[in-house]
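Positions are given from 1 along the sequence. Ligands are counted one by one from 1 in listed order, and the atoms in each one are counted from 1 as well.
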Amino acid sequence: MRFGHFDDARREYVITQPDTPLPWMNYLGSEDYFALITNTAGGYAFYRDARLRRITRYRYNVPGHHGGRYLYVRDDESADYWSPGWQPTQSPLENYSCRHGLGYTIIGSTHAGIRAETRYFVPLGENLEVWQTTITNQRSTPAKLSIFSAVEFCLWDAWDDATNFQRNFSTGEVEVEEGMVYHKTEYRERRRHFAYFACSEKPAGFDTQREDFLGAYRGWERPSVVEQGHSCDSIAYGWQPIGSFHIRVTLEPGEEKQIIFLLGYFENPRDGKYDPPDSQTINKHGVKPVIAKFTDRTQADTAFEALRAYWDELLGALQVETPNEHVDRMVNIWNAYQCMATFNISRSASLFESGIGRGLGFRDSNQDLLGFVQMVPTRARQRILNLAATQLPSGGAYHQFQPLTGLGNHDIGSNFNDDPHWLVLAVGAYLRETGDFSILDECIPYDNHLGSETPLYEHLQRAVQYTLDRLGPHGLPLIGRADWNDCLNLNSHAETPGESFQTAGYKEGGIAESIFIAGLFVASAREMAQIAARLTGRIQETNAEFEVKQAGYYLQLADQMSDTICREGWDGEWFLRAYDGAGRKVGSSECEEGKIYVEPQGFCAMAGIGLDNGLARQAMDSVRSRLLTEHGLALLQPAYSKYDPNLGEISSYPPGYKENGGIFCHNNPWAIIAEARMGNGEGALDYYLRINPSKREALSELHRCEPYIYAQMIAGPEAPTHGEAKNSWLTGTAAWNYVAITQWILGIRPEYDGLRIDPCIPPQWNGFSMRRRFRGERLEITVHNPEGVSRGVVRMSIDGTEAEGNLIVPRPGGGERKIEVWLG
Ligand code: GLC
Ligand code: GLC
């Protein structure tokens, strides 16, 4: 069953039933001000950091979730009232729809002949959200209405806000001036920022104290102010500050009216906090013009059009037309859109990430770049430099760092031994997309310490060296606290409930080894070889310890590690996962459970290991026969039925969930890429479609998460809820699936010297086309498949002239070219 449908022409998902299985959400904002908004206008807003600068409150894990952009329409003649976005009153609605678009959401409905529709968006470059509410009287008689709006402010630090009540119930402060509400808690002390809630109309009344608005013992579904039809004009002294307006509207039959609400964040200069300067009143000289601008309908409309144009431009980097609508829709719209969200928000704020937890992950953010770099290469460049600055002199990295300060997170520390290699892959992706080798010369510190700067290239060399310095008894990389799989903790031993599996009882010098890191190392060393081969004369040696190595050095490292994997890391029918702290095999046919893991199979084959000796094919055949389910590839089989302290967090999950045999959508694309590398176009697309959200839309009741974006995981075969998705939005799944479909199945792949065209498609496809911006040019690529093959370019023409091979060499100076390619 579906709860809505795709509107591809408008690039929207249209939800037509408000009670979706879970709240289905969207993100607003693109730079500093971000908002989460669900299909019933729930969610919250923050400025840059979801924990430290939370603007409005949200409560997870209570039925229905609480917190949002509340609107109530009241018929002043009948006293009937309802919420046009369904929540919180849940009154019956006609023609409810929520249109989640790119950076905006439109929610509307009709009740008793009154149509109310609100468009929510964050204008580009602004720190505010606009709500444009249009009310239309569809009755044959005049309507006398009251509109009430409400938001609940968060007292900035979301963690403190949810815990420190003895203080916070006394600190809340607001100002109300000319019908605008200013939230200024802690402005009297160290803050110079405030939030505001404003309205285009002169309100008939307002409220800023939650209890006055709701009435004692009442919830948002039945506020006494709305019931009685007029505000209390309350001022919050402590307790729970809110912003609420009461607007009276009389509409003739057929008449419509638009009301604009603004929720925003504003920072004053340090020496200009107050007006007059010796008062305690917020200086509003800066914010008032902003409010005036966006409460104007024409200006708001113009800002909305600019947002649409911005997305047209971003998505214009890569558009495809294929025989499969699910491919087109995800590549052209939603997968790219999700890549932007993961780039912006990392793993911090979603309906599964509370915004008070982890900062930016080193591993995660580097992988997010892989699907983002073609959209805004300059932002990708800056992110790479920020990430590199949290690398340690050893070449390792802080596992996480704080977005506001850029500093590494000491609590979790380092020793996730896969981390540094993701930086190599991210830089590789950047270079292949842009050809901008100057990034390698950028001088970047280690651990943000002034004076420790070296060129970025040396950071990459150290990343490789980090693994060489940490090889175990089989010559395979030591795993440290964990590798990509955060939950496979072979060197730590957490005994007490609640302890961190990764950090408690961690044995420095533990000898557990990871075949996954070995595969990643090969990929990373090959990337380094490609870079090194193009460096001649560029990087000056800055440090005797780190002489610039030649391509041959890295190729040799890659070959050696490949051999070691094939020798020490092969189980007979697939690649082992690891050796544990006592040297026992993990992910082996000898194990009782967890016999085969997907990560080393997909990653090793994708990195080219075992392609020449048949091991890769055999490993991927084992994946197909042992891990494939109708909902995608399970992470491992059989799932662990009991907790095993030697394995760590992985077996803490009930069988079939998360890393314990769930379908982890993040590593399915590695298997897709592996199949494509081996020429199996049909198999690759089959794996791709099993987890494709648009394809799964038809299963919405089972899948439960949004059908327009990927979730981190889908419950695996041992789970009673097999097929149910969780942790939607913020996952490396977005970037990797984007890479898998665009670069490996469609096979249009940025390489160091140009754009490679090497599709691996199902033989039934008679071709496809792609429009691609690449290094300043616009390329229109058409692929023909007259013979019905999967792979193999036999002919290519550029602007009608036959060309050699299948690499489009960039042409400086921009412009447009038409490329035609024939498979055969
Ligand atoms: C989560 C983490 C990611 C990790 C994965 C597997 O998605 O964000 O870093 O690789 O889980 O454990
Ligand atoms: C848990 C999750 C894993 C995630 C990690 C982040 O271990 O299972 O997916 O990567 O937390 O710290």
**Student:** Mind checking whether Gln502 has an N or O less than 3.5 Å away from an N or O of ligand 2?
**Tutor:** no

**Student:** Pick from Glu659, Glu513, Glu599: which one makes a salt bridge (charged side-chain N to carboxylate O under 4.0 Å, His left out) with Arg577?
**Tutor:** Glu599

**Student:** Below 4.0 angstrom from a heavy atom of Lys658, which ligand 2 atoms are there? Numbered from 1 as shown, please.
**Tutor:** 2 (C), 3 (C), 8 (O), 9 (O)

**Student:** Does the residue Arg363 have a heavy-atom contact with ligand 1, meaning some pair of atoms that are separated by less than 4.0 Å?
**Tutor:** yes

**Student:** Within ligand 2, which atoms have a heavy atom of Asp486 less than 4.0 Å away?
**Tutor:** 4 (C), 5 (C), 6 (C), 10 (O)

**Student:** Less than 4.0 Å is my threshold; does some heavy atom of Arg347 fall inside it relative to ligand 2?
**Tutor:** no

**Student:** Which ligand 1 atoms, with their elements, are less than 4.0 angstrom from a heavy-atom of Asn485?
**Tutor:** 12 (O)

**Student:** Are Phe575 and Trp570 close enough that their ring centers fall under 6.0 Å?
**Tutor:** yes

**Student:** Mind checking whether Glu649 has an N or O less than 3.5 Å away from an N or O of ligand 2?
**Tutor:** yes

**Student:** Do His666 and Tyr710 have ring centres separated by under 6.0 Å?
**Tutor:** no

**Student:** Please work out which of the three classes, parallel, tilted or perpendicular, describes the rings of Tyr44 and Tyr58, given edges at 30° and 60°.
**Tutor:** tilted

**Student:** For ligand 2, which atoms have a heavy atom of Gln712 less than 4.0 angstrom away?
**Tutor:** 9 (O)

**Student:** Which of the numbered atoms in ligand 1 are under 4.0 angstrom from any heavy atom belonging to Phe664?
**Tutor:** 5 (C), 6 (C), 11 (O)

**Student:** Who are the salt bridge (charged side-chain N to carboxylate O under 4.0 Å, His left out) partners of Arg54, not counting sequence neighbours?
**Tutor:** none

**Student:** Taking only non-hydrogen atoms of Thr731, do any sit less than 4.0 angstrom from ligand 1?
**Tutor:** no

**Student:** In ligand 2, which numbered atoms sit nearer than 4.0 Å to a non-hydrogen atom of Tyr653?
**Tutor:** 1 (C), 2 (C), 8 (O)

**Student:** Begin from the C-alpha positions of Thr733 and Gln712 and carry the test side-chain hydrogen bond (donor to acceptor under 3.5 Å, both in side chains) through to its verdict.
**Tutor:** CA-CA 6 Å; Thr733 308; Gln712 179 203 60; over 6 Å; no

**Student:** My understanding is that only one of Trp736, Tyr597, Phe664 makes a ring-ring contact (aromatic ring centres under 6.0 Å, His included) with Trp484; could you say which?
**Tutor:** Phe664

**Student:** Just to verify, what does His722 make a ring-ring contact (aromatic ring centres under 6.0 Å, His included) with, not counting sequence neighbours?
**Tutor:** His631

**Student:** Could you work out, for atom 6 (C) of ligand 1, the closest of Gln367, Gln400, Glu353, Glu659 by heavy-atom distance?
**Tutor:** Glu659

